[in-house]
Amino acid sequence: MHSFGYRANALLTFSLTILAFMCAIASLSDSLNSPSPSAQVQVLNINWFQKQPNGNDEVSMTLNISADLQSLFTWNTKQVFVYLAAEYDTPKNSLNQISLWDGIIPSKEHAKFLIHTSNKYRFIDQGTNLRGKEFNLTLHWHVMPKTGKMLADKIVMPGYRLPVEYR
């Protein structure tokens, strides 16, 4: 008959094939989920808006960030990385993105939140393009699954404007 090594190889190959098939089914099942996250950001205060000695504009803001990202979580979700970015255009660049805040949401229980914070990262433009500039605040997220493809999406919140004068 067959040797022990041959039988062990057949069993291992069969087991790995079944495991790969189960991972593929798990990954495909996430495509059936249609999430409906919501978010709202309020700029409560412009703490300072100044020109740095090197000529760049810098802004510090106080923000209220509220979001309900619970619909992003399925049984296959490991965690969700979320960040808030300011997006605007300048004559030199059609899209400028500056990350203002970020966080990792480890579970569905933590996916509904309200945060009162100043921007975690510096809002600096390379130049003097921010005075009176309209910008969007965009909440981006990346869903990191236990198995399968990582998904990313965003909510764009337009209608914000910086002051015309430095403070």
Side-chain angles (χ1 to χ4, degrees), residues 27-74 76-167:
S27 180
L28 290 174
S29 72
D30 269 350
S31 63
L32 302 175
N33 182 33
S34 56
S36 56
S38 62
Q40 183 179 358
V41 178
Q42 294 176 319
V43 177
L44 299 177
N45 188 29
I46 305 282
N47 300 329
W48 74 78
F49 180 39
Q50 63 190 12
K51 186 174 185 176
Q52 294 179 327
N54 61 5
N56 296 334
D57 286 348
E58 180 179 6
V59 182
S60 173
M61 298 183 283
T62 302
L63 306 165
N64 263 355
I65 305 167
S66 63
D68 183 359
L69 305 177
Q70 291 179 330
S71 63
L72 297 174
F73 280 84
T74 66
N76 191 32
T77 304
K78 181 176 182 179
Q79 64 186 12
V80 176
F81 175 71
V82 61
Y83 68 97
L84 181 70
E87 299 178 342
Y88 61 97
D89 61 349
T90 58
K92 192 173 183 180
N93 299 307
S94 61
L95 178 63
N96 295 279
Q97 291 181 317
I98 299 174
S99 181
L100 302 177
W101 171 86
D102 66 8
I104 295 174
I105 302 170
S107 65
K108 188 173 186 173
E109 292 76 31
H110 297 96
K112 191 171 187 177
F113 58 88
L114 171 63
I115 297 173
H116 178 81
T117 184
S118 291
N119 46 309
K120 188 175 177 181
Y121 304 107
R122 297 172 72 184
F123 186 168
I124 298 175
D125 179 65
Q126 296 176 346
T128 57
N129 300 306
L130 292 181
R131 286 182 294 166
K133 177 63 77 178
E134 282 190 23
F135 64 99
N136 298 331
L137 289 175
T138 305
L139 190 71
H140 297 261
W141 61 84
H142 296 268
V143 178
M144 298 173 189
K146 294 175 185 167
T147 181
K149 183 180 175 186
M150 188 166 72
L151 304 171
D153 207 352
K154 63 186 175 183
I155 296 176
V156 178
M157 293 161 276
Y160 299 93
R161 181 180 288 277
L162 290 169
V164 177
E165 299 297 324
Y166 295 119
R167 296 184 191 178

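Residue numbers run from 1 in the order of the sequence given.
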Determine, step by step, whether T90 and D125 satisfy the side chain to side chain donor-acceptor pair (under 3.5 Å) criterion, reporting the C-alpha distance in whole Å, the side-chain angles of both residues, the deciding distance to 0.1 Å, and the verdict.
-> CA-CA 10 Å; T90 58; D125 179 65; 5.5 Å; no
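- Contact check for W101 versus V82: side-chain heavy atoms found under the 4.5 Å cut-off.
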What do the steps show when you test I46 against L162 for side-chain contact (heavy atoms from CB on, under 4.5 Å), and what is the final call?
-> CA-CA 8 Å; I46 305 282; L162 290 169; 4.1 Å; yes
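- Atom NE2 of H110 sits in a sparse spot, with 12 or fewer heavy atoms from other residues, nucleotides or ligands closer than 6.0 Å.
- The two atoms that bring L72 and P37 nearest to each other are CD2-CG, 4.2 Å, heavy atoms only.
- For the atom pair L100 CG and Y83 OH, the distance stands at 11.0 Å (nearest 0.5 Å).
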Carefully, step by step, assess I124 and I98 under the rule side-chain contact (heavy atoms from CB on, under 4.5 Å).
-> CA-CA 8 Å; I124 298 175; I98 299 174; 5.8 Å; no
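- For T147, the side chain to side chain donor-acceptor pair (under 3.5 Å) criterion is met by no residue, not counting sequence neighbours.
- Using a 4.5 Å cut-off on side-chain heavy atoms (C-beta onward), V43 and L137 make contact.
- In this structure, the separation between NZ on K154 and CG on L84 is 13.0 Å, given to the nearest 0.5 Å.
- Judged as a ring pair (Phe, Tyr, Trp, His ring centres under 6.0 Å), and not counting sequence neighbours, Y121 has no contacts.
- Without hydrogens or angle criteria, N56 side chain to G127 main chain gives a donor-acceptor distance under 3.5 Å.
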Test side-chain contact (heavy atoms from CB on, under 4.5 Å) on H116 and L44 and set out the steps.
-> CA-CA 9 Å; H116 178 81; L44 299 177; 3.2 Å; yes
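- By the side-chain contact (heavy atoms from CB on, under 4.5 Å) test, S118 is found to be paired with N47, T62, residues two or more places apart in sequence or in another chain being considered.
- Contacts of N136 classified as side chain to side chain donor-acceptor pair (under 3.5 Å), with partners at least two apart in sequence or in another chain: none.
- Under the rule for a salt bridge (charged side-chain N to carboxylate O under 4.0 Å, His left out), the partners of K120 that lie at least two apart in sequence or sit in another chain are D102.
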Derivation of the side-chain contact (heavy atoms from CB on, under 4.5 Å) call for F135 and N96 | CA-CA 10 Å; F135 64 99; N96 295 279; over 6 Å; no
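- A donor-acceptor pair is defined here as one N or O able to donate and one able to accept, closer than 3.5 Å; such a pair exists between the side chain of D68 and the backbone of Q70.
- At least one donor-acceptor pair under 3.5 Å links the side chain of R161 to the backbone N or O of G132.
- A search for side chain to side chain donor-acceptor pair (under 3.5 Å) contacts involving D89 returns nothing, not counting sequence neighbours.
- Considering CD of Q97 and OG of S99, their distance stands at 9.5 Å, rounded to 0.5 Å.
- Within a 6.0 Å sphere centred on NZ of K112, other residues, nucleotides and ligands contribute 12 heavy atoms or fewer.
- Heavy-atom contacts from other residues, nucleotides or ligands closer than 6.0 Å to CD of Q52 number more than 12.
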